[in-house]
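Because the structure is predicted, anything quoted here is derived from the model rather than measured. Sequence positions, counted from 1, serve as the residue numbers for this chain.
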Amino acid sequence: YRLDQDGLWRDYWRTLDRTQASEPVRFRLLSGVRAVTFRFLAPSQEWVDRWPQPGGNPVEQERLRPAAVEVTLELEDWGTIKRLVEVTG
């Protein structure tokens, strides 16, 4: 996901094992987006701005999941919209 040219975009590849020459498929999800921010609810019930969190055992960090992800969109026409998504597992 990226914020570019006044919109929120999702880039993805059609193949799992892509090469450096593979071009992504670019899809605009939403226009009129001023900002996008994410926060992650750590297992310690603290909100953090980065995931995985820096430090600790790298192998263990890859297995950990946040309890929830908060997405905040700042839109030109609707203002600020927040969504909280629970992460299972």
Side-chain angles (χ1 to χ4, degrees):
Y1 295 90
R2 63 186 169 84
L3 185 60
D4 188 24
Q5 297 178 3
D6 193 35
L8 179 63
W9 294 78
R10 178 177 181 250
D11 297 348
Y12 64 94
W13 288 261
R14 291 193 168 111
T15 60
L16 179 62
D17 296 326
R18 64 182 190 264
T19 66
Q20 289 182 346
S22 299
E23 290 292 322
V25 175
R26 293 180 165 91
F27 182 76
R28 186 189 327 205
L29 298 171
L30 193 60
S31 60
V33 180
R34 291 183 180 153
V36 178
T37 57
F38 297 91
R39 289 194 321 159
F40 307 91
L41 184 60
S44 63
Q45 301 299 304
E46 296 178 81
W47 286 102
V48 295
D49 294 329
R50 297 186 67 156
W51 197 268
Q53 293 177 282
N57 182 344
V59 175
E60 186 178 307
Q61 289 287 350
E62 284 187 25
R63 292 186 194 144
L64 289 177
R65 294 183 183 167
V69 178
E70 180 187 76
V71 181
T72 303
L73 298 169
E74 191 177 319
L75 306 175
E76 289 179 0
D77 52 357
W78 287 86
T80 301
I81 297 175
K82 289 187 180 188
R83 293 293 180 258
L84 185 61
V85 180
E86 182 181 4
V87 177
T88 60

Q) What residues form a side-chain contact (heavy atoms from CB on, under 4.5 Å) with Arg28, not counting sequence neighbours? A) Trp9, Ser31

Q. With sequence neighbours left out, which residue pairs that include part of residues 45-55 fulfil the salt bridge (Lys or Arg N to Asp or Glu O under 4.0 Å) condition?
A. none

Q.
List the residues meeting salt bridge (Lys or Arg N to Asp or Glu O under 4.0 Å) with Glu74, not counting sequence neighbours, and say none if there are none.
A. none

Q.
Run the side-chain contact (heavy atoms from CB on, under 4.5 Å) test against Thr72 and tell me which residues pass, sequence neighbours left out.
A. Thr37, Glu70, Thr80, Lys82

Q.
Test of understanding: with side-chain contact (heavy atoms from CB on, under 4.5 Å), list the residues that count as partners of Glu76, not counting sequence neighbours.
A. Asp6, Arg34

Acceptor/donor pairs from residues 16-26 side chains to any protein atom, 3.5 angstrom cut, sequence neighbours excluded:
residue: Thr19; atom: OG1; partner: Ala21; partner atom: N; Å: 3.3
residue: Thr19; atom: OG1; partner: Ser22; partner atom: N; Å: 3.4
residue: Thr19; atom: OG1; partner: Ser22; partner atom: OG; Å: 3.2
residue: Ser22; atom: OG; partner: Thr19; partner atom: N; Å: 3.1
residue: Ser22; atom: OG; partner: Thr19; partner atom: O; Å: 3.4

**Q.** Joint cluster assignment, Leu3 & Leu29, ILVMFWY side-chain distance < 4.5 Å
**A.** yes

Q) Taking only residues two or more places apart in sequence or in another chain, which ones pass side-chain contact (heavy atoms from CB on, under 4.5 Å) with Val48? A) Phe40, Trp51, Gln53

Q.
Under 4.5 Å between side-chain heavy atoms, counting indirect links through other Ile/Leu/Val/Met/Phe/Trp/Tyr residues: same cluster for Leu8 and Val85 or not?
A. no

Q: Working to the nearest 0.5 Å, report the span between CG of Leu30 and CD1 of Ile81.
A: 8.0 Å

Q) Linking Ile, Leu, Val, Met, Phe, Trp and Tyr through side-chain heavy atoms less than 4.5 Å apart, which residues share a cluster with Trp47? A) Leu41, Leu84

Q. Do Trp13 and Tyr1 sit in the same hydrophobic cluster, where Ile, Leu, Val, Met, Phe, Trp and Tyr count as joined when their side-chain heavy atoms come under 4.5 Å apart?
A. no

Q | Under the side-chain hydrogen bond (donor to acceptor under 3.5 Å, both in side chains) test, residues paired with Arg10 that sit two or more places apart | A | none

